[in-house]
Amino acid sequence: MVLCSSTMDSAEEESLHGQSSDEEGSELSDGELQEAFAKGLLKPGMNVMVDKKKKFINNVEGLKQCLADFRKDLPWVERLDLTNPPARDILSNAEEKVSAGTNGEIDAEDDFQREMVFYRQGQATVLEALPLLKVHNIATKRPDDYFAEMAKSDQQMHKIRAKLLTKQMILERSEKAKKLREQRKFGKKVQVEVLQKRQKEKKAMMSAVKKYQKGMTDKLDFLEGDQKTARNPSDGSKKVLNKKGPNAKRKYKDQKFGFGGKKSGKKWNTKESFNDVSGFRAKIAHDKGGRKGKGGNKNKRPGKSVRRKMKSRS
């Protein structure tokens, strides 16, 4: 009897474990979880989520079936598929170089080389597809009278055109204003340069006039207008300073005003001037020749004493 009870207990436990495992696999409600916990079926460490390993299935039959679907014996016009290697690189062949893709070595990380292989592969496909399309009477060019319905209405296109025209006008106005500003700046610059040139010429003319007044030069070239500048302006002044003796103007001024120094007693007689009687005229000295002209016979004014007597008489 003891053995039977033990076997019954073990059978009940196995049935309960089986139920708990089934329940764990399924979605258990809160009430079922509470009952299992009350019976002691839930213990710490039992509820651990374990990731199942992914099983890879090699479905050979399915793959073969897909391949057979791809290999359906349809005409080329229905498929339009082409498999081509890259076209020959004419430039590299002319330069006797091995192009990328012909020897099977293509650097996938090189963007330019990769895109060039795609481009030449597409070029080879086009060269092979055009004759085939022509054979099957498939047009490859759009006819002249081809009409395609516009995706946008004419009203919307008119609005877009008007907006583009306004933008273009704004750009043209801004460019025109920019050119006008540049022209004004250039005109002001030219005006400033002309004024500076005139001031420079005026300054040069004034300096030449001062030099002429001071007797440093006897040339009047500055009165002729635009004077020809010498190679070295300092040469002219050196030549003037190196001349022997003063010029004519300086001589005349020296003769008229003297050379400076003592001027008192300049008109006093000297022994030579006293003995020189070459300029003496007797008629003029003694008034023997008489006066000529309107007032030659006119009476002289009476003296002061005579005038007093005449006044006292009256």
Side-chain angles (χ1 to χ4, degrees), residues 173 176-314:
R173 287 177 183 175
K176 191 174 181 180
K178 188 177 180 181
K179 288 181 180 179
L180 286 173
R181 286 195 295 270
E182 290 178 356
Q183 288 177 0
R184 286 175 184 172
K185 287 181 181 179
F186 182 74
K188 287 182 180 179
K189 186 178 179 181
V190 171
Q191 188 177 5
V192 170
E193 289 179 356
V194 170
L195 291 174
Q196 289 179 354
K197 186 178 179 181
R198 287 180 183 175
Q199 290 178 359
K200 190 176 180 181
E201 290 176 355
K202 185 178 179 181
K203 189 176 181 181
M205 188 180 70
M206 293 300 294
S207 63
V209 169
K210 287 181 181 179
K211 286 181 181 179
Y212 179 77
Q213 288 177 351
K214 291 180 180 179
M216 298 175 66
T217 180
D218 56 350
K219 294 181 180 180
L220 300 175
D221 295 336
F222 58 89
L223 297 177
E224 297 177 1
D226 296 330
Q227 57 180 358
K228 296 181 180 179
T229 56
R231 292 182 181 179
N232 192 359
S234 61
D235 294 342
S237 59
K238 288 181 180 178
K239 288 180 181 178
V240 173
L241 294 175
N242 291 332
K243 283 185 178 180
K244 294 181 178 179
N247 57 2
K249 188 176 180 181
R250 184 72 265 168
K251 288 179 181 178
Y252 175 75
K253 286 188 177 182
D254 291 344
Q255 184 180 0
K256 185 176 180 181
F257 301 107
F259 296 93
K262 187 178 178 181
K263 292 181 175 60
S264 59
K266 183 179 179 181
K267 297 183 179 180
W268 289 357
N269 285 334
T270 59
K271 187 178 180 181
E272 290 80 9
S273 65
F274 179 77
N275 294 327
D276 185 12
V277 292
S278 59
F280 179 74
R281 299 289 184 269
K283 291 182 180 181
I284 297 174
H286 301 289
D287 198 12
K288 291 181 179 180
R291 293 186 179 181
K292 296 180 180 180
K294 287 184 178 180
N297 297 325
K298 204 169 187 180
N299 294 329
K300 291 183 178 180
R301 183 185 179 189
K304 190 174 182 181
S305 59
V306 177
R307 291 199 305 272
R308 285 181 179 176
K309 288 180 182 179
M310 291 172 65
K311 193 174 182 180
S312 60
R313 286 176 187 176
S314 59

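The shortest heavy-atom contact between D276 and S278 is OD1-OG, 2.9 Å.
To the nearest 0.5 angstrom, Q183 atom CD is 10.5 Å from K176 atom NZ. Remark: R307 CZ to K304 NZ distance equals 7.5 Å, nearest 0.5 Å. One distance of note links CG of N247 with NZ of K253; it measures 9.5 Å at 0.5 Å rounding.
Side-chain contact between K197 and E201 is present, with at least one heavy-atom pair separated by less than 4.5 Å. V194 is not listed as a side-chain neighbour of Q191, based on a closest heavy-atom distance of 4.5 Å or more.
Shown here is K249, whose NZ atom has more than 12 heavy atoms of other residues, nucleotides or ligands within 6.0 Å. Dense packing is recorded around CZ of R250, with more than 12 heavy atoms of other residues, nucleotides or ligands lying under 6.0 Å away.
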